[in-house]
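Residue numbers begin at 1 in each chain, while the letters A, B, ... track the order of the sequences.
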Protein chains: 2
Amino acid sequence: MPKLGAEPIRRAALVKATIEMVGDSGSLDVTVAQIARRAGMSSALAHHYFGSKEQIFLAAMRSILSIYAAEVRGALAAAEGHRGRLRAIVRASFGPGSFRREAVGAWLNFYVLAQTSLEARRLLAVYQGRLHSNLMHDLRPLVGPRAAGVARGVGALIDGVYIRAALTPGNADRRSAAVLVLEYLEREMEGR
Amino acid sequence: MPKLGAEPIRRAALVKATIEMVGDSGSLDVTVAQIARRAGMSSALAHHYFGSKEQIFLAAMRSILSIYAAEVRGALAAAEGHRGRLRAIVRASFGPGSFRREAVGAWLNFYVLAQTSLEARRLLAVYQGRLHSNLMHDLRPLVGPRAAGVARGVGALIDGVYIRAALTPGNADRRSAAVLVLEYLEREMEGR
DNA sequence: TTTTGTTGATTGACGAGTCAATAAACTTGC
DNA sequence: GCAAGTTTATTGACTCGTCAATCAACAAAA
């Protein structure tokens, strides 16, 4: 029963289903049929809209990345001063939108995809570049020439905490994750 | 021409080939046939010795972990004082044995496997537990009650730097990776 | 009647694991 | 010393399942 204008709804449903499946199966070995079934349609329809499995994954990745970017933008808009903005970036990185277990699991798997797929690697580079330049913007005035090193450290620490969250059974604790990174930042800003 | 005593050689060859393949294909989607061919034998023989693909992967993971453990033990034996021992642990984590690009890539993929396979998760827990307790042993006398938090941070940071190394094209730079973590440690020991 | 939505059925490829068969190397009983 | 039997090494061919992608066909809007 074709209701018109189904395309965007179907696409969104598929992206959502993909993230959920990858997240809680913990692997990229998810079949198009499974994803499609979860999204309430046939696998043929999934192919109709996305063309290939890889495109489905990339769309899912783009979605995760843009949710994250939106959280950062939101947090940044409400923040005051360099310190405040840095804290906002870190907190946004562990915001509810991107720190649910499935999302973290999916993210980890997309890291792996990035080793294989050029387009995925490109997406990830965009994410890392954005994070880096966001951090640099507020770090430079505070720690001068050490900014690059600190930004690198914060980036790595965020990724590391993410991995742990994906591997720790039970629901990940975003409060303490954020605190850990914030304390790192604080110490880097005090010293030297 | 069956030379007797082939089993250990074959097993080792398969493990080595697995790590290499997973590392530079950047994915767990490696067929038993590919691994076997790389190790210079038929896929049937790989099954004969390991029984299943998962067992091959687990053996590879065990191998990676034990190489790492050996490097830590070695570094620790030559270290003096709490500070020296902590530094040794960090340096060993980025030692040549575990920081070749393929090994890092393989490690990242095994992280993913750990979400799916109980046995893999168990292995990873052993690694994390060992690292944690090693760190705690020398951290407690230096930072007292803050030891647990610092150990957590160092662990996460090491993992994060690993991910970056796996995803950064070109040869990963272990010198600067170690320095980054060491500076983190240093700062944590000075402060508070 | 053309466009948009939708699916069941099918294809074609690939891959894990099994099996039967072959052969060299050791063991044993004489 | 050696024939007969056993264990270990090894593979090509095969089975059985799965899965991405395609297609033909049907249904409802426009």
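Residues forming a side-chain hydrogen bond (donor to acceptor under 3.5 Å, both in side chains) with Glu102(B) (at least two apart in sequence, or on another chain): Arg100(B). Remark: Thr116(B) pairs with Ser27(A) by the side-chain contact (heavy atoms from CB on, under 4.5 Å) rule, at least two apart or across chains. Remark: Arg121(A) engages no residue in a salt bridge (Lys or Arg N to Asp or Glu O under 4.0 Å) (not counting sequence neighbours).
Taking the charged nitrogens against the carboxylate oxygens, Asp24(B) and Arg101(B) have no contact shorter than 4.0 Å, which rules out a salt bridge. Taking 4.0 Å as the cut-off between side-chain N and carboxylate O, Arg83(A) and Glu186(A) count as a salt-bridged pair.
Put simply, Tyr49(B) has a side-chain N or O that comes within less than 4.0 Å of OP1 or OP2 on dT10(D). Between dT8(D) and Arg10(B), no contact under 4.0 Å exists linking OP1 or OP2 to a side-chain N or O.
When the options Leu123(A), Ile56(A), Val22(A), Val15(A) are evaluated for a side-chain contact (heavy atoms from CB on, under 4.5 Å) with Met61(A), the one that passes is Leu123(A).
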Letter by letter from the 5' end, nucleotides 12-17 of chain C scores (B base, S sugar-phosphate only, - none; protein heavy atoms under 4.0 Å) ---SSB
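To the nearest 0.5 Å, the span separating CZ on Arg146(B) from CD on Glu183(A) amounts to 7.5 Å. Distance CG/Leu58(A) to CD/Glu119(A): 5.5 Å, rounded to 0.5 Å.
Going from atom CD of Glu7(B) over to atom P of dT7(D) covers 16 Å, rounded to whole Å. Residue His48(A) contributes atom NE2, which lies 14 Å from atom C1' of dC26(D) at whole-angstrom precision.
Residues of residues 109-123 of chain A that place a heavy atom closer than 4.0 Å to DNA chain C do not occur. Within residues 55-62 of chain B, no residue has any heavy atom closer than 4.0 Å to DNA chain D.
Around atom CZ of Arg37(A), no more than 12 heavy atoms belonging to other residues, nucleotides or ligands sit under 6.0 Å away.
When each of dC19(C), dT6(C), dT7(C) is scored by its nearest atom to the side-chain atoms of Ala44(A), the top-ranked nucleotide is dT7(C).
Note: Tyr162(A) and Trp107(A) have tilted aromatic rings, judged against thresholds of 30 and 60 degrees for the angle between ring planes.
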